[in-house]
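Structure record follows, encoded as structure tokens.
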Amino acid sequence: MNILDTLGKLASESGFAGFLAAGGWKNLVMIALACVLLYLGIVKKFEPLLLVGIAFGCLLTNLPGAGMYHLDMWDAYVAGTPYTTAAGEVIEHITFTTILHEGGLLDVFYIGVKAGIYPSLIFLGVGAMTDFGPLLAYPKSLLLGASAQLGVFVAFFGAVLLGFTGPEAASIGIVGGADGPTAIFLTTMLAPQLLGPIAIAAYSYMALIPMIQPPIMKLMTTPAMRQVKMEQRREVSKTEKIIFPIAVSAFVILLLPSTAPLIGCLMLGNLLRECGVTDRLSDTAQNALMNIVTIFLATSVGATMVAERFLSLNTIKIVLLGLVAFAISTVGGLLGGRIMYRLSGGKINPLIGSAGVSAVPMAARVSQDVGRRYNKTNYLLMHAMGPNVAGVIGSAIAAGFLLSVFGG
Amino acid sequence: MKGISESLLHPTLGTAGAVAVMGYLVVFFGLVLLLAVVTVMGRAMEPSRRKNARPAPGSPVPETAPPAERPAAKGTAGQLKLYNVSQRDAALIMAIVANQLQKPINELRFRSIKEVRDDEV
């Protein structure tokens, strides 16, 4: 045995050699980006539950030689073309079974994203955590949830203008819904090649809501509007809370069948919470299940941030369009709020409109904070929760519409 | 993308505009439909809500006096006194205060919560 040859072979097969190969520098850039995202998640606490997992997935997928995620295998799966394994074997038709046999650990995790399982299970947990009481007490807040979807469609139009295909533009636009699982669900179906940048844009902007929204809220409202104290709403009965998820599932899914996985799981989670006889299931959906799925979802989404795909001009365009989508959705919600302020004779504080951009409960908290800045005795939180949860339903409907148009 | 027409795969600005407007209208339509359902549901529940809010006529009035207040356990903050504030609102207010102060709620002591009306300020 020649020791030098053996050491040389070990060196050439190590991951370090991969950095010196053609395009290897891109992996280094991505590893640096993963470290920045880890810093933002851990130190700055930007959506840490997701960002830490996404960043670590990004780190793992960009370590040369680790073989945890195979971009070319997923490309072959999506396109229906043959795939050549590392051993040289040609596989004519890639299926989930092939991926289980040939793929790395993150490929296996990613099957849950591709099959739409993780976003739907996250919605189950979100439903179990959400109290729709404020929405039931003031159903008109559904209109604010609708008007705050403006950014989705403006960003979609902007993305087409910048040269993206229809399905790609739809996936970029949904960032304006400020709903991570919905954005991941739609992007996986329509433009899986953009999943990494879209997920990063969606979660980063959700974390930045307290910085993005207040200047827009100030610009779109007058001091008198911001000081409006809203009346306490009526009590909502237990029966209403139980019937609500059943009625929403039936009506929304009949209207747009493509929303079934998201709306179905959201409302099932809510029914588990409200029916009063499934406390154990509700608790599992809110905590254990949610946490487990979050780990799988975050790491597998991070795994899609492969250097050769992520480092492109399109990523910068997506990040900018995401910001536009968020800002315009906030404008849309505030415009809706202003209209309701006028129609109600000044009884509705338009600041609750900005909470229509999902991002539960962060956006409602921002409405509360901005409202209190102008009237110390004003508590808008419960009033803003109505549009906030309406935004979740609104963004699921927007995603369902885009999926039925571009999903083929 | 499998199964979609070329006009949707590479839409013109006109097509994209039409899809955007249609999408926004569909979201409104869906939520307006839901608004109607929720409103009808709320109206249908109104009689039972009123019934629950009012004690039924002729319902027996408890004859026994309420039990005497038990002394507070050692080390507790004592009973929180609420004036014109429901327990739900009180819980909400305490949560907001804890959030604003960035302190765990069990480290704060609330003695009483009173509703101050606008005409009292």
Side-chain angles (χ1 to χ4, degrees), chain A residues 78 80 135-137 139-140 142-143 145-147 149-150 152-154 156-157 159-161 165-167 169-170 173 190-191 229 232 234-237 239-240 243-244 247-248 250-252 255-256 259 332 365 368-369 372 377 379 381-382 390 393-395 397-398 400-402 405-408, chain B residues 1-53 85-86 88-89 92-93 95-97 99-100 115-118 120-121:
Chain A
V78 172
L135 176 69
L136 289 166
K140 282 179 190 159
L142 279 161
L143 299 176
S147 52
Q149 304 309 314
L150 180 64
V152 172
F153 298 103
V154 172
F156 161 76
F157 186 79
V160 171
L161 199 65
T165 65
L190 297 183
K229 273 179 94 171
Q232 191 162 350
R234 69 171 176 84
E235 290 286 321
V236 176
S237 71
T239 317
E240 279 176 276
I243 295 174
F244 179 73
V248 171
F251 278 89
V252 177
L255 177 70
L256 274 172
T259 60
R365 267 194 227 146
Q368 154 79 12
D369 289 344
R372 276 209 73 201
T377 61
Y379 288 94
L381 187 64
M382 288 310 282
I393 303 174
S395 57
I397 294 178
F401 168 79
L402 293 168
V405 172
F406 295 104
Chain B
M1 197 77 207
K2 292 172 232 170
I4 70 165
S5 65
E6 180 59 27
S7 63
L8 287 173
L9 189 59
H10 298 288
T12 60
L13 289 184
T15 310
V19 169
V21 171
M22 205 196 309
Y24 200 40
L25 290 177
V26 166
V27 173
F28 262 99
F29 178 70
L31 291 179
V32 166
L33 191 70
L34 215 52
L35 168 61
V37 172
V38 173
T39 308
V40 169
M41 198 170 79
R43 295 240 167 99
M45 297 284 159
E46 191 65 33
S48 68
R49 252 201 321 272
R50 277 195 199 141
K51 206 172 155 188
N52 288 341
V85 178
S86 68
R88 184 172 160 274
D89 287 347
L92 188 69
I93 289 164
I96 291 168
V97 171
N99 184 40
Q100 298 276 332
E115 185 189 1
V116 181
R117 295 181 189 284
D118 285 343
E120 292 178 72
V121 179

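FYI, side chains are in, hydrogens and waters are out, and symmetry mates aren't considered; it's all heavy atoms of this structure. Residue numbering restarts at 1 for every chain, and letters A, B, ... go by the order of the sequence lines.
Between P167(A) and I4(B), the shortest heavy-atom distance links the atoms CG-CD1, 3.8 Å. Pairing each heavy atom of L142(A) with each of L34(B), the nearest pair is CD1-C, 3.9 Å. Of all non-hydrogen atoms in L35(B) and K140(A), the two that sit nearest each other are CD1-N, 3.7 Å. M45(B) approaches S237(A) most closely through the heavy-atom pair SD-OG, 4.3 Å.
Residue V405(A) touches chain B through both its backbone and its side chain, counting heavy-atom pairs closer than 4.5 Å. For chain A, the nearby parts of L8(B) are the backbone and the side chain; heavy atoms of each come within less than 4.5 Å. For a residue to count as touching a neighbouring chain, one of its non-hydrogen atoms must lie under 4.5 Å from one of that chain's; by this rule A390(A) touches chain B with the backbone only. Only the side chain of V37(B) has a heavy atom closer than 4.5 Å to any heavy atom of chain A. Contact annotation for F153(A): both backbone and side-chain heavy atoms come within less than 4.5 Å of a heavy atom of chain B. Heavy-atom distances place both the backbone and the side chain of F244(A) under 4.5 Å from chain B. Residue contact with chain A, scored on non-hydrogen atoms closer than 4.5 Å, involves the backbone and the side chain of V19(B) alike. Residue L256(A) touches chain B through its side chain alone, counting heavy-atom pairs closer than 4.5 Å.
The residue among V26(B), I93(B), L13(B) with the most heavy atom pairs within less than 4.5 Å of chain A is L13(B). Of the residues considered (G30(B), P11(B), S86(B), G23(B)), G23(B) shows the highest number of contacts with chain A, using heavy-atom pairs under 4.5 Å.
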**Report entry** Stepwise side-chain contact (heavy atoms from CB on, under 4.5 Å) test for Q100(B) and D369(A)
**Finding:** CA-CA 9 Å; Q100(B) 298 276 332; D369(A) 289 344; 3.7 Å; yes
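In this structure, CG in L381(A) is found 8.5 Å from CG in N99(B), a value given to the nearest 0.5 Å. Between atom CD1 of residue I96(B) and atom CD of residue Q368(A) there is a gap of 5.0 Å, rounded to the nearest 0.5 Å. For the atom pair I397(A) CD1 and L33(B) CG, the distance stands at 8.5 Å (nearest 0.5 Å).
Residues L31(B) and L143(A) fail the side-chain proximity criterion, which asks for heavy atoms closer than 4.5 Å. Between M382(A) and D89(B) there is no side-chain heavy-atom pair separated by less than 4.5 Å. Considering only heavy atoms from C-beta on, Y379(A) stays 4.5 Å or farther from L92(B) through its side chain.
Annotation for F157(A): atom CZ counts as buried by contact number, over 12 foreign heavy atoms lying within 6.0 Å.
Panel note: side chain Y24(B), backbone S147(A); a donor-acceptor pair is recorded below 3.5 Å.
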